[in-house]
Amino acid sequence: MVLRIPLRRSASFTPDHQPLMEMSSPTALKMEANMLVMGANSVGKSALTVRFLTRRFIGEYGDMESIYSHSLAMEGREILVHIWDVPCSQDWVDESSAKEKRVQWADGFVLVYSICDRASFNVLRPKVQVLKAAKEALSQEKVPIVIVGNKRDLHHQRAVSSEEGRLLALSMDCEFYEVSAAEAYHGALMVFQGLAERICEAKLALKKGTGIRSIVKSMSAVFARKRTDSL
Ligand SMILES: Nc1nc2c(ncn2[C@@H]2O[C@H](COP(=O)(O)OP(=O)(O)OP(=O)(O)O)[C@@H](O)[C@H]2O)c(=O)[nH]1
């Protein structure tokens, strides 16, 4: 049986939606963070997402594609998090323009595998490479990515060691967590909250960089003009 739980979905949300960043005052900083949850079939993408949003584990989730919105308060900031849970079937086989739009939309990625399913782990390295290349093509270097080994409670069926997960993440410059969506809320919180933080840091750094670049540009223009005037 598939239980439908009353989550708040963003009805008017489309892949063309552009993330906003407003600064009303230095103490009330509002930001948005778009996250894509991806991974092989049945690794627990929906379980992890729903655990974070509702603190609950309901067992069966269906395979509907969903975007959820959730507000987080962190260090004087309000972060509106949008989470796009992509069912495996669509993620792997849909036509590339839809996939491209999703990648464009996302500020960060949660890549999930099951510690009991080696194949779900093996697909991650090429996936991270593709995502990084796609973001670099959009001039977005250093995209935040979290690799999550789920189903930690099923240790007797373990097929991927924690060390392998950690090493993969380290070699690909990603964050790493091993969690059990079935057993605890804390792991899911760490995953999504940590990613939200990294997304906001990246956005603020980008904004600062753009600010400094434009100051340098205007100063160079002034000096260039002065040099021409004195000729
Ligand atoms: N034991 C255990 N089972 C889990 C855990 N997380 C998810 N499951 C189970 O794994 C199955 C798949 O979970 P889903 O969340 O639907 O997985 P998914 O990756 O979203 O699946 P698709 O969207 O169909 O690819 C369900 O039967 C869940 O109850 C976990 O941490 N531990």
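How far CE of M74 is from CD of Q193: 5.0 Å, rounded to the nearest 0.5 Å. We find the CG-CG distance between L111 and L124 to be 5.5 Å, quoted to the nearest 0.5 Å. Interatomic distance, CG of L53 versus CG of L48, reported as 9.5 Å (0.5 Å rounding). Taken to the nearest 0.5 Å, the CD atom of Q157 stands 8.5 Å off from the CD1 atom of I115.
In this structure, the side chain of K203 does not engage the main chain of A33 through any donor-acceptor pair within 3.5 Å. Side chain of K45 to backbone of V112: no donor-acceptor contact under 3.5 angstrom is found. Judged by distance alone, with hydrogens and angles left aside, the side-chain atoms of S120 form a donor-acceptor pair with the main-chain N or O of S114 at under 3.5 Å. Remark: the backbone N or O of V43 is not paired with any side-chain donor or acceptor of D117 at under 3.5 angstrom. Judged by distance alone, with hydrogens and angles left aside, the side-chain atoms of N34 form no donor-acceptor pair with the main-chain N or O of D107 at under 3.5 Å.
Within the 4.5 Å cutoff, the side chain of I145 has heavy atoms near those of the V128 side chain. Between L154 and H156, some side-chain heavy-atom pair lies under the 4.5 Å cut-off. Residues V191 and R51 fail the side-chain proximity criterion, which asks for heavy atoms closer than 4.5 Å. Counting heavy atoms from C-beta on, the side chains of F121 and L168 come closer than 4.5 Å. Between I199 and M35 the shortest side-chain heavy-atom distance falls below 4.5 Å. Residues R125 and S171 meet the side-chain proximity criterion, which asks for heavy atoms closer than 4.5 Å.
Residues forming a side chain to side chain donor-acceptor pair (under 3.5 Å) with Q140 (at least two apart in sequence, or on another chain): K135.
Under the 4.5 Å side-chain heavy-atom criterion for ILVMFWY residues, no single connected hydrophobic cluster contains both Y177 and L170. Residue L167 is not grouped with residue V148 when hydrophobic side chains (ILVMFWY) are merged at heavy-atom distances under 4.5 angstrom, including chains of intermediate members. I147 and V130 fall into different hydrophobic clusters, where Ile, Leu, Val, Met, Phe, Trp and Tyr side chains are chained together by heavy-atom contacts under 4.5 Å.
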What's the verdict on side chain to side chain contact (heavy atoms under 4.5 Å, CB included) for L195 and E175, showing C-alpha distance, side-chain angles and the deciding distance? CA-CA 9 Å; L195 184 58; E175 295 286 306; over 6 Å; no

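The neighbour count for R118 CZ, taken as heavy atoms of other residues, nucleotides or ligands under 6.0 Å away, is above 12.
Using bins of under 30°, 30° to 60° and over 60° for the plane-to-plane angle, the ring pair F176/Y113 lands in the parallel bin.
R158 has no carboxylate O lying under 4.0 Å from a charged side-chain N of E164, or vice versa, which leaves the two without a salt bridge. Between E163 and R166 there is a salt bridge, with a side-chain nitrogen of the basic residue lying less than 4.0 Å from a carboxylate oxygen of the acidic one.
Within the structure, every pair that satisfies the ring pair (Phe, Tyr, Trp, His ring centres under 6.0 Å) test and touches residues 36-60, not counting sequence neighbours, is listed here: F52-H70, F52-F192.
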